[in-house]
Amino acid sequence: MHGEYKVPGGKLVVIDFDAEGGALANVRLAGDFFLEPDEALELVNAALNGLSLESTSEDIARAVRDALPADSVLLGFSPEAVAVAVRRAILGARDWREYDWQVIQHGPLSPMTQVALDQVLTEEVGAGHRPPTLRFWEWDESAVVLGSFQSVKNEVDLENAEKYGVQVVRRISGGGAMFMEAGSIVTYSLYVPAELVAGMSFTESYSFLDEWVLEALTSIGIEASYEPLNDIASPQGKIGGAAQKRLSSGAVLHHATLSYDIDAEKMVQVLRIGREKMSDKGTKSAKKRVSPLKSQTGMPRAEIIEHLRDTFVARHGGTPGEITPEELARAEELVASKFSTPEWLNRVP
């Protein structure tokens with residue numbers, strides 16, 4: 001069995017072993033990490049030999065930790081990273097490059113169509129009708145997109161939303177509300193088979209699925225990092241946030257919104273939660289909490305999206321794709337039957 005795990009912001013951890021009698025045997029740990037003292041590598045291999053194939057990530061990490069000498073130094077990885085690699089090997093996880101990725105960029109669609117497409121394309125990947133896909137959103141209308149479990153009245157000032165012409169939409173993933181002005185955000189969705197994140201916790205999968213974004217932002221001069229569970233940030237402030245939905249079919253929706261520009265005053269007028277977060281963090285302005293890409297780079301939004309796309313393709317592969325007429329028609333059906341209905345929007349009043 002063979003498993004690999006690239007630690008976000010760290011090094012590659014590779015594990016090879018045989019499965020004998022329901023246990024790990026002939027374990028060989030490797031990678032481009034740093035480990036001192038030298039003998040610690042063989043101590044870890046010995047600790048993993050004989051572990052049950054049913055061991056949890058916590059069991060595996062504990063075995064590694066207990067085997068390490070007290071003066072051990074691990075750089076670029078951790079016992080938890082070894083555990084992820086082992087679990088990925090056991091579960092038959094696949095690597096990004098093993099898939100034929102499609103990358104979709106399309107013209108403006110309504111906010112409700114966007115969230116409906118997320119459901120449709122995730123279902124299509126889960127059913128094997130579509131290859132794993134990266135899609136960049138585009139729209140010319142402003143909206144608040146609520147997480148699946150958020151309360152409308154607690155999150156949105158509906159009077160101000162109407163005043164500013166901001167639609168209120170609910171998506172299928174959890175997480176927090178996104179204030180999305182036309183032309184002022186960068187949003188993308190990944191539709192992936194569950195095997196890609198097999199063996200990872202939710203926290204690990206978030207940073208793993210967005211590491212290419214951090215690479216792209218770093219290469220244009222932004223000191224980007226991931227703050228668990230789901231924030232993409234820089235020393236200047238928050239850049240964006242991600243959310244996930246996992247379907248029973250075995251597909252994962254992972255999407256994120258990055259702030260390109262921001263009308264901070266309008267945001268805190270429309271989002272109630274925005275006012276509370278400002279108070280909680282002791283800041284007086286949303287501009288001190290959110291740091292848009294425009295202010296950090298000066299680059300046009302279209303160039304940033306192009307750079308994100310090119311970074312993804314260089315790292316993971318990918319060819320241009322498109323939304324099929326059938327997928328778009330299915331999305332519009334869901335808009336009518338689900339996403340535009342009061343029952344869905346007010347599922348949590």
Side-chain angles (χ1 to χ4, degrees), residues 3-5 54 56-57 84 87-104 106 109 111-137 145-150 169-175 187-210 212 229-230 242-257 312 316-319 321-341 343-344 347-348:
E4 297 185 5
Y5 177 53
E54 301 298 322
T56 67
S57 293
V84 171
R87 291 296 300 159
R88 284 175 63 75
I90 293 170
L91 296 171
R94 298 177 65 185
D95 184 67
W96 294 87
R97 283 279 182 176
E98 294 182 59
Y99 299 103
D100 294 322
W101 290 90
Q102 278 195 8
V103 180
I104 296 176
H106 53 74
L109 297 169
M112 285 189 184
T113 302
Q114 299 280 9
V115 294
L117 268 173
D118 268 355
Q119 178 174 331
V120 170
L121 298 184
T122 309
E123 290 174 345
E124 290 295 283
V125 170
H129 299 155
R130 159 174 285 283
T133 300
L134 167 65
R135 178 174 74 94
F136 290 95
W137 299 23
V145 182
L146 295 173
S148 182
F149 310 110
Q150 289 187 294
V169 178
R170 187 182 294 278
R171 62 182 186 267
I172 63 172
S173 63
T187 297
Y188 60 87
S189 295
L190 281 166
Y191 314 100
V192 307
E195 299 102 0
L196 182 62
V197 293
M200 298 182 192
S201 68
F202 271 94
T203 301
E204 290 160 342
S205 72
Y206 270 85
S207 55
F208 175 79
L209 290 173
D210 281 334
W212 62 278
L229 170 67
N230 61 338
Q244 281 187 18
K245 177 68 175 180
R246 301 189 177 206
L247 303 187
S248 59
S249 62
V252 178
L253 164 64
H254 178 94
H255 48 194
T257 291
F312 181 92
H316 302 311
T319 56
E322 60 184 19
I323 302 165
T324 68
E326 294 78 15
E327 289 167 340
L328 186 57
R330 174 61 181 143
E332 296 298 350
E333 290 175 4
L334 280 174
V335 169
S337 64
K338 177 179 179 178
F339 290 99
S340 67
T341 65
E343 292 79 12
W344 174 251
R347 64 177 300 198
V348 185

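The shown structure was predicted, so the numbers you read here are calculated from the model rather than taken from an experiment. FYI, side chains are in, hydrogens and waters are out, and symmetry mates aren't considered; it's all heavy atoms of this structure.
Although no hydrogens or angles enter the test, the distance criterion places a donor-acceptor pair under 3.5 Å between the side chain of R88 and the main chain of A198. Between the side chain of S249 and the backbone N or O of A127, no donor-acceptor pair lies under 3.5 Å.
Summarising the geometry, atom CD belonging to Q244 is positioned 9.5 Å from atom CG belonging to L190; distances are rounded to the nearest 0.5 Å. Between atom CD of residue E333 and atom CG of residue L328 there is a gap of 10.5 Å, rounded to the nearest 0.5 Å. Interatomic distance, OG of S173 versus NE2 of H254, reported as 10.0 Å (0.5 Å rounding). Here the OG atom belonging to S201 is positioned 11.0 Å from the OH atom belonging to Y206, to the nearest 0.5 angstrom. The structure places OG1 of T133 at 6.5 Å from CG of L121, a figure rounded to the nearest 0.5 Å.
The minimum heavy-atom distance between A243 and G174, with the atom names listed, is CB-O, 3.4 Å. Of all heavy-atom pairs between V125 and V192, the closest is CG1-C, 4.0 Å. For M200 against S205, the heavy-atom pair with the smallest separation is SD-CA, 3.9 Å.
The neighbour count for D100 CG, taken as heavy atoms of other residues, nucleotides or ligands under 6.0 Å away, does not exceed 12.
Looking only at side-chain heavy atoms (C-beta outward), L196 and V252 stay at 4.5 Å or farther from each other.
Here the options are F208, W96, W101, the test is ring-ring contact (aromatic ring centres under 6.0 Å, His included), and the partner is H316; only W96 passes.
Pairs engaging residues 111-130 under the salt bridge (charged side-chain N to carboxylate O under 4.0 Å, His left out) rule: D118-R135, R130-E327 [sequence neighbours left out].
Partners of R170 by salt bridge (Lys or Arg N to Asp or Glu O under 4.0 Å), not counting sequence neighbours: none found.
A cation-pi geometry, defined here as NZ or CZ lying under 6.0 Å from the six-membered ring centre and within 45° of its normal, does not hold between R87 and Y5.
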